[in-house]
Amino acid sequence: NAGVTQTPKFQVLKTGQSMTLQCAQDMNHNSMYWYRQDPGMGLRLIYYSASEGTTDKGEVPNGYNVSRLNKREFSLRLESAAPSQTSVYFCASRVYSNQPQHFGDGTRLSIL
Amino acid sequence: GESVGLHLPTLSVQEGDNSIINCAYSNSASDYFIWYKQESGKGPQFIIDIRSNMDKRQGQRVTVLLNKTVKHLSLQIAATQPGDSAVYFCAASDSWGKLQFGAGTQVVVTP
């Protein structure tokens with residue numbers, strides 16, 4: 001079972017470059033989430049999609065955009081990368097509220 | 001605002017002993033709580049969850065206790081093994097059903 005798959009696993013960008021982080025889940029889950037994790041800190045929610053066709057801002061949305069392409073896929077885009085966006089990004093999904101979220105293994109992003 | 005906190009940043013446990021990891025939450029409306037385990041270079045892995053209508057739930061070698069009166073939950077790991085070395089996160093649902101994560105406790109199992 002693949003679960004939640006994130007690509008790429010590692011990426012180095014220069015300030016001002018753009019890129020899209022990809023996430024796909026094969027569990028037929030309704031909700032999908034993007035988090036960032038910084039050293040010594042818990043996960044902070046960037047954006048989420050409660051169901052196909054909807055997206056909402058989380059705690060730290062500035063500098064990011066998302067697309068819920070279909071039920072399986074939820075992408076995160078950095079339009080103009082900044083060093084403050086250096087982080088590990090995790091995608092998660094769950095079938096509905098008050099059920100566990102299942103996480104991918106993350107994308108480690110460095111912005112120089 | 002809401003916060004989810006952990007009492008100890010690092011917990012050192014001898015192999016075979018029981019581990020107890022504590023977590024406080026601030027939102028009295030939280031009705032769902034989860035514990036995750038995160039190993040180095042990996043994503044958080046679900047361990048156990050509990051709803052607010054329960055005060056205890058047991059899994060394989062793990063028990064979660066919930067005290068709604070003082071807004072506290074704990075994770076107990078029985079007979080801690082080297083493979084239990086990881087960072088453990090608690091999370092509590094907010095008013096909108098989204099999860100608020102604590103900063104994590106590093107559990108180090110010593111031989």
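Being a predicted model, the structure only gives us computed values, none of them experimental.
- Listed for the Asp105(A) side chain is a donor-acceptor partner under 3.5 Å among the backbone atoms of Gly43(B).
- Grouping the Ile, Leu, Val, Met, Phe, Trp and Tyr side chains by contacts below 4.5 angstrom, directly or via other members, places Leu65(B) apart from Phe89(B).
- Counting heavy atoms from C-beta outward, Tyr32(B) and Pro100(A) have side chains that approach closer than 4.5 Å.
- The CD atom of Gln38(B) lies 4.0 Å from the CD atom of Gln37(A); values are rounded to the nearest 0.5 Å.
- Linking ILVMFWY side-chain heavy atoms closer than 4.5 Å, directly or via other members, places Val12(A) and Ile111(A) in two distinct hydrophobic clusters.
- With hydrophobic clusters built from ILVMFWY side chains whose heavy atoms lie under 4.5 angstrom apart, Tyr64(A) does not share a cluster with Leu45(A).
- From Phe101(B), atom CZ reaches atom CZ of Arg44(A) across 13.5 Å, with rounding to the nearest 0.5 Å.
- Gln6(A) does not touch chain B: none of its heavy atoms, backbone or side chain, sits under 4.5 Å away.
- When the side chains of ILVMFWY residues are joined at heavy-atom separations under 4.5 Å, either directly or via intervening members, Val62(B) and Trp35(B) end up in a single hydrophobic cluster.
- Contacts of Leu43(A) with chain B are made by both backbone and side-chain atoms, with heavy-atom separations under 4.5 Å.
- Residues of residues 75-85 of chain B lying within less than 4.5 angstrom of chain A, judged on heavy atoms, are absent.
- Of all residues in residues 67-96 of chain A, those placing a non-hydrogen atom less than 4.5 angstrom from a non-hydrogen atom of chain B are Phe90(A), Arg94(A).
- Contact annotation for Phe33(B): neither backbone nor side-chain heavy atoms come within less than 4.5 Å of a heavy atom of chain A.
- If you chain together hydrophobic residues whose side chains sit under 4.5 Å apart, Val64(B) and Val107(B) fall into the same group.
- Between Tyr48(A) and Lys98(B), the shortest heavy-atom contact is CE2-CD, 3.2 Å.
- For an aromatic pair to be called close, the ring centres must be under 6.0 Å apart, and Phe103(A) with Phe46(B) fails this.
- With rounding to the nearest 0.5 Å, the separation of CG in Leu99(B) from OH in Tyr35(A) is 5.0 Å.
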